[in-house]
Amino acid sequence: MDHNDNHPVKTRVEVNKQNYKKRRHILEFFISLALIAAVCYSSYVYLRTKNAVDNTYDSNNHVQIKKGEFDGKKKFAVLLMGTDTGALDRKEKIGNTDTIIIAVVNPQKKRYTLMSVPRDTMAQMVGAEQFEIEKINAAYPIGGAKMTMNSVSELVNVPIKYYALVNMKGIMRLIRYVGGINVRPTLSFEYGGYIFKKGQLTHMGGGGSLAYSRMRYDDPEGDYGRQKRQRQVITTLINKVVSLNTLTQLDSVLSSISGNVKTNLPFDAVKQIVFNYRGSTKNVKNDYLHGHNATIDGASYQVQSTAELQRVSNYLRAELGLKPMTVNNNETYQNKRNKRHGFDFTNPATQDYNIYKDYLDQQEEGEN
């Protein structure tokens, strides 16, 4: 009789080894499922975010973006525009861009600049069928984003090829989705049912933020005071948005304002800017074009002196890494002609200002 007949076919070690392999295969199966689920969810979030941005994309003003253009190292400029539509019972589909800000991002200095252009600034409508002078905020309803970018670019001799436009409803929704913002009012006032006290840290939701940044007539500085408050709100909002750490949060924010924003920045560019330029939001430089009160054909305008246009141009070009250039455009030509006829840029009083329509003729003669 063979005493080995009663021994198990497999040893205990071999059985445990086989069970371990089964358990490992099961574990690997569930890990694989988890990974697949994670990838699917990430893809879903990515596509939702992409769709949210794609809904805002303006293909008519498409710009070819070079590889690495938003790598976190290169400087760039974006024209920010705000329209008084979409909320507070405003029914207009296309309104004047009462908020116009040239935003320049400088990663080397870890800062960005918000340069306001007053809504009543006199400017040539670049791209119009014939020579036309209007307030700069009329460029958008006349010729859309392209005319606005070209007109602002020509005004201060700075290249601008990207823009982002948002209406009031978009601003309100964005502020609500980030949980509101905390702001110290620059002055005390009441507007739209909201009360603001100077210097008192105030938590503002969408409606409160909009009311705070819209009031103009009770501000001693008028539209310039409003510009300061607008930049204050935008700066605070930017700091809140860049604190978002995940694509999921970005999806929620972008989805909240989709349909109330237009931009010629495609999805990949937006994503790169959000995640590659966080360090550039640590510091902000706030400034604006300082205009002079003038009357043109009975309407009130802000006329920018040649010296002021040159100051702003020099600063913005330096932030973009460009060499300074002498500003030579319609506005400097009109200034020269008006100074000959007595307009004084050192006089704070409102003065009459004439538009000489031979500017284009002078340009053509200079080219010949």
Side-chain angles (χ1 to χ4, degrees), residues 42 45-47 49-50 52-54 56-59 61-81 100-117 145-146 148-150 152-166 174 178 231 234-251 253-254 257 261-288 311-325 327:
S42 297
V45 171
Y46 177 88
L47 289 173
T49 308
K50 185 178 187 304
V53 178
D54 286 347
T56 73
Y57 183 61
D58 177 8
S59 59
N61 288 293
H62 168 76
V63 177
Q64 186 66 41
I65 297 177
K66 298 178 181 178
K67 184 178 180 180
E69 190 161 348
F70 299 111
D71 59 0
K73 298 177 182 179
K74 293 181 177 61
K75 306 165 184 176
F76 66 94
V78 178
L79 187 65
L80 305 178
M81 297 181 281
I100 302 176
I101 298 174
I102 305 169
V104 176
V105 180
N106 188 334
Q108 280 70 42
K109 294 185 178 179
K110 289 183 168 43
R111 76 179 179 195
Y112 65 100
T113 295
L114 297 179
M115 181 71 71
S116 294
V117 179
K146 183 177 181 179
T148 308
M149 285 189 290
N150 289 341
V152 173
S153 178
E154 180 73 11
L155 182 70
V156 293
N157 194 24
V158 171
I160 300 173
K161 59 180 181 178
Y162 305 118
Y163 85 93
L165 178 141
V166 61
L174 180 55
V178 299
R231 292 193 300 271
I234 291 172
T235 301
T236 308
L237 184 56
I238 287 174
N239 290 335
K240 196 77 178 283
V241 171
V242 297
S243 66
L244 302 176
N245 294 316
T246 68
L247 195 62
T248 307
Q249 291 173 304
L250 180 61
D251 167 52
V253 171
L254 294 176
I257 59 175
V261 173
K262 275 293 178 187
T263 180
N264 62 344
L265 285 164
F267 172 70
D268 285 340
V270 173
K271 187 179 65 171
Q272 290 171 41
I273 290 172
V274 171
F275 291 112
N276 291 343
Y277 288 88
R278 291 175 186 265
S280 301
T281 63
K282 293 181 179 179
N283 301 290
V284 59
K285 165 79 171 179
N286 285 296
D287 202 349
Y288 60 96
R311 177 190 75 83
V312 170
S313 178
N314 289 346
Y315 174 80
L316 292 177
R317 290 182 69 87
E319 287 296 289
L320 287 168
L322 303 173
K323 293 181 179 179
M325 288 181 63
V327 179

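The model shown is predicted, which means the values in this text are computed figures rather than measured ones.
Under the side chain to side chain contact (heavy atoms under 4.5 Å, CB included) criterion, N286 pairs with L114, R231, T235, V284, not counting sequence neighbours. Checked against salt bridge (charged side-chain N to carboxylate O under 4.0 Å, His left out), R311 has the following partners two or more places apart in sequence or in another chain: D287, E308. Take K262 and apply the salt bridge (charged side-chain N to carboxylate O under 4.0 Å, His left out) test, not counting sequence neighbours, and it matches no residue.
In this pair, F70 and F76 present their aromatic rings perpendicular. The plane angle is above 60°, beyond the 30 to 60° band.
In this structure, T263 contributes its side chain and Y163 its backbone to a donor-acceptor pair below 3.5 Å. The backbone N or O of V104 lies less than 3.5 Å from no partner atom in the side chain of Y112, so there is not a single donor-acceptor pair.
Minimum interatomic distance between R317 and P159 (heavy atoms only, all atoms of both residues): NH1-CD, 4.3 Å. For the residue pair K74 and G68, the shortest heavy atom distance occurs at NZ-O, 3.2 Å. Looking at every heavy atom in both residues, S280 comes nearest to V105 through CB-CG1, 3.6 Å. Of all the heavy atoms in Y57 and H62, the pair that sits closest is OH-ND1, 2.9 Å. Among all heavy-atom pairs drawn from L155 and V327, the shortest one is O-CG1, 4.0 Å.
Of the inter-residue distances, the one linking I160 atom CD1 with M149 atom CE reads 8.5 Å to the nearest 0.5 angstrom. Remark: L265 CG to Q272 CD distance equals 10.5 Å, nearest 0.5 Å. To the nearest 0.5 Å, the span separating NZ on K75 from CD on E69 amounts to 14.5 Å. Atom CG of N283 is separated from atom CZ of R111 by 8.0 Å, given to the nearest 0.5 angstrom. Remark: N264 CG to K146 NZ distance equals 11.5 Å, nearest 0.5 Å. Expressed to the nearest 0.5 Å, how far CG of N157 lies from CE of M325 amounts to 5.0 Å.
Within the 4.5 Å cutoff, side-chain heavy atoms of I102 are placed close to those of L79.
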V178 and L237: CA distance, side-chain angles, deciding distance, side-chain contact (heavy atoms from CB on, under 4.5 Å) verdict
CA-CA 8 Å; V178 299; L237 184 56; 3.9 Å; yes
Carefully, step by step, assess Y162 and I65 under the rule side-chain contact (heavy atoms from CB on, under 4.5 Å). CA-CA 10 Å; Y162 305 118; I65 297 177; 3.8 Å; yes
